[in-house]
Amino acid sequence: MNQIRKKITKTATGKLGKAAGLFNTVFGIIPDTVAIIGKITDKAAPIVEKNLDRSHEYKKSLIAIPNLLDVDVDVAKEHLKVSA
């Protein structure tokens, strides 16, 4: 009976040791991953900001046109002349 307990204890200890090793491996990788993501973000931020600025400038250059679907042609022309 004593040998069975020793075997169970040894098996459990071995599995616990493997789990702890895996745990250490995973938590050892996380700081490296965070550092890599930080570097990627630092390099991507200026590119994203430049594209957002371009988009904003483009949208500022657009002209709003009123909805003239159900308006008489002559009235619509006058609205468009005033809008331009």
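Computed from a prediction, not measured in an experiment: that's the story for all the values here. The figures here come from the full heavy-atom set of this structure, side chains too, leaving out hydrogens, waters and symmetry mates.
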> Roughly how far, to the nearest 0.5 Å, is the CD1 atom of Ile63 from the CG atom of Leu80?
Replying inline: 10.5 Å
> Linking I/L/V/M/F/W/Y whenever their side-chain heavy atoms sit closer than 4.5 Å, directly or via other members, would Ile47 and Leu52 fall into one cluster?
Replying inline: no
>> Please determine whether a side-chain nitrogen of the Lys or Arg among Glu57 and Arg54 lies less than 4.0 Å from a carboxylate oxygen of the Asp or Glu.
In response: no
> Other hydrophobic cluster members with Ile37, side-chain heavy atoms of Ile/Leu/Val/Met/Phe/Trp/Tyr under 4.5 Å, chained?
Replying inline: none
> If you round to the nearest 0.5 Å, how far is CG of Asp74 from NE2 of His79?
Replying inline: 11.5 Å
> Is there a path from Leu68 to Val75 through hydrophobic residues (I, L, V, M, F, W, Y) whose side chains come within less than 4.5 Å of each other?
Replying inline: yes
>> Among residues at least two apart in sequence or on other chains, which ones pass salt bridge (Lys or Arg N to Asp or Glu O under 4.0 Å) with Glu49?
In response: none
> Has the side chain of Asn67 got a donor or acceptor atom that lies under 3.5 Å from a matching backbone atom of Leu69?
Replying inline: yes
> Can you tell me how far OG of Ser61 sits from NE2 of His56, rounded to the nearest 0.5 angstrom?
Replying inline: 10.5 Å
